[in-house]
Amino acid sequence: MHPNRDEPNPPTSPKKGLVEVLTDNRVTRSVIRHGYPDTNRNRALVVFSNFFLHIHPVKARVRAIAFPRTFYLGGLSAVMFFILVVTGLLLMFYYHPSSPRAYEDMKDLRFVVSAGVFLRNLHRWSAHAMVALVFLHMVRVFYAGAYRPPREFNWVLGVVLFLLTVLLSYTGYLLPWDQLAYWAVTVGTRMAQATPVIGDEISFLMLGGHSVDSNTLVRFFVLHCVLLPTVLTVVLAVHIWRVRKDGGIYIPPDERDETLRPGGEDTVSNEVVVAPNAEDEELQ
Amino acid sequence: MAEHVETQLARQLHRNLRILAVLSVVFVGALAYAPMKSTYSEWRSVQEDYNTRAEAVGMAPMAIELKQIWKPEIGLTDRCPSCHVAMGDIAPLPEGGPLYGKHPEVHHDVGRMGCTLCHRGQGRATSVADAHGDVQHWEDPMLPKAHLQASCGSCHGKTAKVATLSHLERGAYLFQEHGCQACHTVDGEGGSVGPDLSGVALKGYDRAWHIRHLKSPTAVVEGSKMMSFGHISDADIDSLLTYLDTLVGARKLMQGKAIVAEQGCRGCHEIGGVGGDVGPSLTNFTRLPASEIDYKNIEGPRTRENWLHNKLNNPASLITPSKMPPFHLPPEDEEALITFLMSLRDSDLPLEAMPEETLVAQLDHRRDFAPDGDTLFSTFCSACHGDQGEGQYMDTLAMRAPGVMNLDTLAVASDEFFAYTIKQGRSNRSMPGWGVTDKGLTDDEIAVLLAHLRSARPTVPLYSQVASHTPDLRLGESIFRSDCGGCHGLDGTGTVIAPSLMNPEFLFVADDVFLYETITRGRRNTAMPSHADYDSRALAGIIGWLRSHEATPVAAGVLHDLEPIRPLEAVLPTEPVAPVELDTALTDPGAAERVAGPNAAAVDPDAAERVAGPNAAAVDPDATERSAEPNAAAVDPGAPERSAVPDAVALEAEGAAAAPVLVAAPAALFAPAPPYDMERVVTSVLGVEIQDYQANGSAVYGAVLYGSLCAGCHGETGAGGVGPGITNPDFLASASDGLLAATILLGRGGRPMRPFGPAGIAHIDERELGDLIVFLREQGAKPSETPQGRHVQGDAEAGQRSFGALCVQCHGDSGQGLLGPALNNPQFLTAATDGFLQATIARGRRGTAMRAWAGGGYGFAELEPQEINDIIAYIRSWQTQP
């Protein structure tokens with residue numbers, strides 16, 4: 001009904017509704033370069049032309065987007081990472097990576113910053129959830145055999161992502177600068193110290209000295225807030241890109257059918273909302 | 001088909017979107033909960049309540065907001081005024097209580113100091129439970145009101161010098177007694193004419209200034225209205241000032257600190273860098289994380305103060321086995337003590353914000369206890385040795401702490417013995433070395449402690465009192481037989497332990513003052529204890545009895561002239577000397593010498609020729625020739641009469657000093673008085689009366705002379721060898737220069753000490769005498785770390801038999817100590833000289849299981865003097881075997 005940019009405008013009707021006025025103008029069309037996704041073409045265009053949606057396939061197998069297939073573990077992990085980035089950024093507004101300010105900032109976040117407790121808790125629980133989800137995601141991928149060719153390298157990337165997740169979790173642990181943090185990091189670096197030959201050097205590199213002090217705090221802060229998230233973002237992008245390039249969610253050959261769901265704006269909601277019923281639909 | 005799928009999908013989408021919508025609402029609700037928590041916080045309702053009340057009494061309401069006292073320079077963020085609104089800059093409500101009322105007056109400005117520095121708790125928190133610190137993982141809950149002064153102590157507690165509780169209470173009593181509070185206020189009570197003294201010790205305390213001020217106020221404060229208190233005794237002024245020194249505005253804290261001194265906690269626990277190491281250090285004790293406190297067997301609430309209450313009253317229930325004895329203090333004292341213990345932690349303040357006096361006190365390692373002997377003894381010693389130094393059995397250590405103020409201990413133990421023991425401690429015992437670590441006592445403090453120990457002794461009667469009595473000879477004799485006879489022999493003729501007092505030369509040179517001094521002082525590190533417990537009648541009796549044995553000089557006129565040397569016949573004894581038993585003479589060259597006697601030598605013209613002494617004897621053909629004679633004398637029963645050459649005998653005695661035993665003469669060999677006028681011999685050399693003689697000379701020359709003439713017997717430093725120690729400070733203090741000179745000139749008849757005067761062998765002149773005496777006095781003034789004493793000659797094997805028969809029941813079969821103390825302790829064996837051991841065995845320790853073992857007048861003689869020496873030789877053998 002709504003013309004694509006490439007299509008010539010139909011003759012204007014004498015009366016335009018509010019929706020038409022808002023959508024059918026030059027500015028809107030320059031931003032949204034596709035029509036309402038009520039045709040397969042437009043649905044495909046949505047995915048092609050929208051940056052945020054382009055990670056979705058234009059078409060997906062019904063089986064692939066069924067909930068029991070993936071339990072959405074990978075996607076949820078990504079969502080957790082998103083929440084962590086957002087809450088982490090907000091927390092950074094209140095946080096000094098210095099001793100003893102770090103601990104005092106924790107106390108202030110808890111007692112005087114508006115919704116500070118909520119922010120910290122959200123960050124903390126999301127972090128825990130992300131570690132669990134990433135691990136479960138790996139388990140799921142493993143049992144589904146999704147590491148098989150041509151996806152071997154993506155499995156390797158997945159392992160890297162898991163390590164990055166754990167490292168993020170570990171580096172973040174020190175930042176509250178309380179006794180728990182102090183001793184956890186002391187124990188952790190001592191374990192690193194037990195590495196043969198280069199143990200002492202690793203420990204020194206991690207601590208920025210011989211014991212946990214403000215040097216360590218700065219190192220862990222930079223790792224936690226800059227280095228590791230950046231690396232993780234890049235690796236995550238490659239990871240997802242390769243999933244798409246390898247044909248989306250892995251389906252074992254004997255279960256493959258050729259019915260593909262159309263992509264489009266509703267693919268996201270399809271993945272979440274419709275998918276639970278996809279299996280039923282197939283059974284019908 | 002496609003149409004059908006589309007429709008069905010659309011329907012499902014519709015249904016699932018509804019679920020999504022519901023979940024979203026729940027999620028938004030959950031989000032809204034966070035700001036709501038802030039809106040409905042406790043502090044908001046408190047502030048609203050304040051406003052309601054304030055409006056009711058017509059006061060201005062306050063803006064509702066978080067309030068805090070923020071002092072970044074001292075790391076302080078206290079949000080307490082958010083609820084305790086009147087502690088900030090909000091006007092207090094009348095009768096507002098702790099929330100809306102005013103803070104009580106304290107030394108600090110509350111607005112500047114904040115709350116948590118004193119009250120503890122969590123200042124940053126904004127909810128009641130968190131702020132008061134009663135939550136998990138917060139190590140510093142608020143201090144209970146009863147112990148609030150602990151916080152004063154954390155910053156200011158190191159400055160005040162606190163004495164024992166009794167001392168403190170006496171000071172407080174005197175403060176009232178002398179009406180000080182008529183003019184001065186202390187802790188809110190008293191007049192306002194003079195300054196408030198509640199915090200007089202806060203800003204440093206100059207004791208000397210206060211003494212001057214008390215005695216003459218106008219001299220130090222111009223126009224002072226204060227009256228002079230010069231009439232108060234020094235002891236009372238001391239107590240008063242000790243009390244004033246504790247006025248830092250925290251009475252309970254100071255009381256607690258005084259209890260620590262009173263109970264001797266530092267004997268086992270180190271506090272602020274000073275104290276023992278039997279128990280754990282208490283220095284930063286209440287900084288111990290709550291998670292490290294074991295509440296397993298604690299009755300009552302899980303708080304630090306209750307833990308301490310349990311620990312004090314029943315230490316064994318918390319730590320088994322505990323070396324700590326239970327302290328059942330009165331509740332008030334216990335509360336004060338706990339307050340003090342709670343103060344033992346480093347302050348939260350950064351260094352630059354600490355009170356200057358505290359920093360100075362810390363950097364200087366200043367003592368936080370009073371420097372008097374009583375406080376020192378209580379602080380360091382009383383926990384084991386008892387409040388009065390009486391000694392006690394320590395259940396928890398399963399050992400007996402000896403009584404250090406036992407009169408017998410004080411009589412036989414020298415200052416060096418105590419000082420060495422205090423400094424070095426006793427390994428394998430609970431006695432730490434207080435002088436070897438910087439946690440212990442300084443030399444000055446040990447000196448004060450020694451004076452305190454000695455103060456337990458009875459006051460010695462003055463010599464003038466003694467001299468005023470007519471001697472009761474019977475009393476003197478009976479005391480001598482009972483107390484002195486064990487060592488000096490019942491008739492005073494000496495044993496292997498102590499010399500003969502019936503020696504004519506001795507009685508001639510020893511004036512009454514010397515006898516008095518020697519009896520009352522004793523002779524440190526020798527077997528001669530100090531007899532401070534005699535009254536003046538007893539002393540007069542003993543001295544008189546000894547004096548009654550003084551030989552009357554031979555008829556005047558025998559010695560008309562000292563120059564030239566008189567013919568031998570002129571001064572020979574008129575009565576023959578009792579013959580010597582051959583055996584004695586053989587084993588005892590000294591005895592042989594005594595038989596022939598220095599007397600003979602003194603008038604022997606040949607001897608005078610040989611005056612150059614031992615060296616000359618060696619090169620003098622005559623001397624060599626004659627030197628064969630003493631041996632002959634020794635084997636010849638008839639020798640004594642013929643032997644006119646005792647020097648060579650004496651030489652042998654010296655030369656063989658290591659092996660032979662120089663026993664004193666048996667009674668049968670009692671030396672007769674020299675047959676010449678001793679006083680004339682001495683005065684002829686000195687040129688003045690003996691009692692007027694003042695030695696004058698050079699110690700350097702004296703040292704040379706001493707080395708060649710005296711060192712052989714008396715040891716290189718004069719501490720004693722074969723002969724007695726003559727640089728013993730007690731001896732030198734007792735003896736006048738005249739006495740020393742006379743002794744050197746006349747020698748001791750019947751002893752190896754030869755006369756060195758004109759009638760003797762060396763012909764020492766007045767100048768040399770002066771040099772020698774000056775040297776001795778200088779030598780005696782040198783302090784020594786370890787007690788110096790001579791070694792006794794004994795047979796360790798025989799000693800082992802005696803020890804096995806008599807001593808093992810208490811001291812253990814290897815001296816390891818059972819009921820009695822361990823004797824095989826290396827520090828003990830270093831501190832105890834043989835003389836100390838002799839005296840202890842002979843005299844015993846009253847009030848303990850150690851009885852007197854020497855004979856004397858008690859009617860029993862368990863051990864002969866030689867047996868005592870044998871036992872000592874056996875005890876000594878442990879010193880070399882680690």
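- Two rings, from A:His54 and A:Phe51, have their centers less than 6.0 Å apart.
- In this structure, A:Phe220 has its ring center no closer than 6.0 Å to that of A:Tyr173.
- There is no contact between B:Gln68 and chain A, counting heavy-atom distances below 4.5 Å.
- Both the backbone and the side chain of A:Glu104 have a heavy atom closer than 4.5 Å to some heavy atom of chain B.
- Aromatic ring pairs are classed by plane angle as parallel below 30°, tilted from 30° to 60° and perpendicular above 60°; the pair B:His119 and B:His103 is perpendicular.
- Electrostatic pairing of A:Arg101 and A:Asp108 does not count as a salt bridge here, judged by no charged N lying under 4.0 Å from a carboxylate O.
- Annotation: maximal heavy-atom pairing with chain B below 4.5 Å, among A:Leu180, A:Asn121, A:Val112, A:Leu119, occurs at A:Val112.
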